[in-house]
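The block underneath contains the structure these notes are about, expressed in structure tokens.
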Amino acid sequence: MKERINLQLVEGRLVLLSLIECDNLRIPKRFLKFVIDTGSADSYLGDKDVRILQISVKDRESKGEVDVGGSRFKQVSLPKIKMYLLKEVNSKHDYIELQVSLSALKTTKSSKKKIQMAQALPSILGMDFLKEQKMSLHVFPAEDLAYLEY
């Protein structure tokens with residue numbers, strides 16, 4: 001049986017509210033919003049969320065640089081992160097647990113204005129997330145309805 005995970009439509013963006021944790025990064029269970037972006041090949045924790053979660057990226061392997069939202073970032077490797085998503089089952093609520101591959105985005109800019117721009121970018125789940133988790137995306141904007149199918 002296929003499971004549905006509801007998404008929110010916020011200012012034209014598809015937003016997924018999830019609960020994440022990672023022992024290796026010392027991240028206790030914490031709610032985090034991700035934007036589903038089918039135009040992005042990869043999934044990222046945004047610079048702002050990296051700072052909020054206090055993830056040290058200094059000594060981690062860099063996968064090079066990437067342009068996101070008009071800014072340039074270092075793409076930093078992270079261990080797998082546990083993600084819990086609320087599923088809808090006959091109006092009962094239950095969770096599914098996933099192991100998710102994310103990179104941290106660390107701004108390469110030093111000017112205050114550029115750092116503020118970088119911190120405005122959300123965390124993103126790209127096409128790699130949908131493929132890796134074997135999910136399909138369903139969007140019905142006229143009905144204000146969007147969900148992932150698992």
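Values below: all heavy atoms of this structure, side chains included; hydrogens, waters and symmetry mates excluded.
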Discussion item. Walk me through whether Leu86 and Asn6 qualify under side chain to side chain contact (heavy atoms under 4.5 Å, CB included).
Written reply: CA-CA 8 Å; Leu86 187 63; Asn6 289 325; over 6 Å; no

Practice prompt. Determine, step by step, whether Met83 and Leu32 satisfy the side chain to side chain contact (heavy atoms under 4.5 Å, CB included) criterion, reporting the C-alpha distance in whole Å, the side-chain angles of both residues, the deciding distance to 0.1 Å, and the verdict.
Written response: CA-CA 10 Å; Met83 180 182 278; Leu32 198 61; over 6 Å; no

Practice prompt. Could you go through the side chain to side chain contact (heavy atoms under 4.5 Å, CB included) check for Leu125 and Leu16 one step at a time?
Written response: CA-CA 9 Å; Leu125 294 175; Leu16 174 66; 3.6 Å; yes

Item to complete: Could you go through the side chain to side chain contact (heavy atoms under 4.5 Å, CB included) check for Phe140 and Tyr147 one step at a time?
Response: CA-CA 9 Å; Phe140 305 92; Tyr147 60 90; 3.9 Å; yes

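No more than 12 heavy atoms of other residues, nucleotides or ligands sit less than 6.0 Å from atom CD of Gln54. Around CZ of Arg26, the count of heavy atoms belonging to other residues, nucleotides or ligands within 6.0 Å does not exceed 12. For CG of Asp67, the number of neighbouring non-hydrogen atoms (other residues, nucleotides, ligands) closer than 6.0 Å is greater than 12.
A continuous path of ILVMFWY side-chain contacts below 4.5 Å connects Leu105 to Ile124, so both sit in one hydrophobic cluster. Put simply, Ile81 and Met127 are part of the same group of oily side chains (I, L, V, M, F, W, Y) that touch within less than 4.5 Å, one to the next. Ile5 and Leu9 fall within the same hydrophobic cluster, defined by Ile, Leu, Val, Met, Phe, Trp and Tyr side-chain heavy atoms under 4.5 Å apart, directly or through other members. Hydrophobic clustering of Ile, Leu, Val, Met, Phe, Trp and Tyr side chains at less than 4.5 Å, counting indirect connections, unites Met135 with Leu7. A single hydrophobic cluster is seen to contain both Leu130 and Leu14, as judged by linkage of ILVMFWY side chains at heavy-atom distances under 4.5 Å, directly or through other members.
A 4.5 Å side-chain heavy-atom check between Leu121 and Asp47 finds every atom pair outside the cut-off. Inter-residue side-chain proximity for Lys82 and Ile20 is flagged as unmet; no heavy-atom pair is nearer than 4.5 Å. Contact check for Glu149 versus Glu3: no side-chain heavy atoms found under the 4.5 Å cut-off.
Among Ser77, Ser123, Pro79, Ser43, the one residue that satisfies the side-chain contact (heavy atoms from CB on, under 4.5 Å) test with Leu102 is Ser43.
A distance of 10.0 Å separates SG in Cys22 from CG in Leu53, rounded to the nearest 0.5 Å. A distance of 11.5 Å separates OG of Ser103 from CZ of Arg60, quoted to the nearest 0.5 Å. Rounding to the nearest 0.5 Å places CZ of Phe34 at 10.0 Å from CG of Leu17. Separating the CD1 atom in Ile36 from the CG atom in Leu148 is a distance of 5.0 Å, to the nearest 0.5 Å. Here CG of Asp42 is found 11.0 Å from CG of Asp37. Values are rounded to the nearest 0.5 Å. The OH atom of Tyr44 sits 4.5 Å away from atom CD of Gln75, with the distance rounded to the nearest 0.5 Å.
For Glu21, the salt bridge (charged side-chain N to carboxylate O under 4.0 Å, His left out) test picks out no residue, with sequence neighbours left out.
Within the 3.5 Å criterion, the main-chain N or O of Lys80 finds no donor-acceptor partner in the side chain of Ser101. Formation of a donor-acceptor pair under 3.5 Å by the Ser62 side chain with backbone atoms of Gly64 is found in this model. At least one donor-acceptor pair under 3.5 Å links the side chain of Gln133 to the backbone N or O of Gln99.
Stacking of Lys134 on the aromatic ring of Tyr150 is not recorded, the 6.0 Å distance cut-off and the 45° axial limit not both being met.
Using a 4.0 Å cut-off between a side-chain N of Lys or Arg and a carboxylate O of Asp or Glu, Glu65 and Lys74 do not qualify as a salt bridge.
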